[in-house]
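This report refers to the structure that appears directly beneath it.
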Amino acid sequence: MPAKGHWLLKSEAEDYSIDDLERDGQTPWTGVRNYEARNLMRDDMAPGDLVLYYHSNAKPSGVVGIAKVVSEPYPDPTQFDKKSYYFDAKSTREAPRWWLVDVGFVKKLPKTISLAEIRQHPDLQEMALLKRLRLSVQPVTPREFALIRGLATGA
DNA sequence: GCCAACGTTGGC
DNA sequence: GCCAACGTTGGC
């Protein structure tokens, strides 16, 4: 078992916000249809990993909360559901194409750490967020994680 | 709403 | 296997 991982997960605030996650307690992270993001979830995530919860297409976009991985990776059930928007006819139960984990609510940050703020911070220039703007599941270093949490809480 | 970035598809 | 066309993401 590797050291506890740190991640950043993006969600559109109007689609599934941190408030939705707080209400639900936890949720299956369905609908990721990007291979790199899939690989990270399937191969590298483990229960207990910590997650920066990022709102995209928000005003402003940024990190709004902390979540955590609460399940082992497993096949995304929506890929088999013909009625789902995420249905994938090329995926089989024998060889599922898309994987996910369940994500649990931890806390909302007292203030949003905006993308603009991250861009300006000298110690956050190496974040995947800035280099891989469109990737919706990204690795974060423990240092980056602690720094962003500290910016929000004043620690 | 616009548009740049960039991942995916499909013709050849 | 290349690459143009296309579709999506996501900042602004």
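So that the names make sense, note that chain A is the first sequence line, chain B the second, and so on, each numbered from 1.
Neither A:V64 nor A:I66 shares a network with the other; the hydrophobic side chains, linked directly or stepwise wherever heavy atoms of I, L, V, M, F, W or Y lie under 4.5 Å apart, form separate groups for each.
Taking the centre of each ring, A:F87 and A:W98 stay at or above the 6.0 Å mark.
Residues A:L129 and A:Y85 both approach DNA chain C. Their nearest nucleotides, taken by heavy-atom distance, put A:Y85 toward the 5′ side.
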Which parts of nucleotides 5-11 of chain B does protein reach within less than 4.0 Å, heavy atoms only, written one letter per nucleotide 5' to 3' as B for base, S for sugar-phosphate only and - for none? BBSS---
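A salt bridge is defined here as a Lys NZ or Arg NE, NH1 or NH2 lying under 4.0 Å from an Asp or Glu carboxylate O, and A:D19 with A:K108 meets this definition. With respect to A:E144 and A:R149, no salt bridge is recorded, no charged nitrogen being found less than 4.0 Å from a carboxylate O. Classification of A:K107 and A:E22 as a salt-bridged pair fails, no side-chain N sitting under 4.0 Å from a carboxylate O.
What separates CG of A:N57 from P of B:dC2 is a distance of 16 Å, to the nearest Å.
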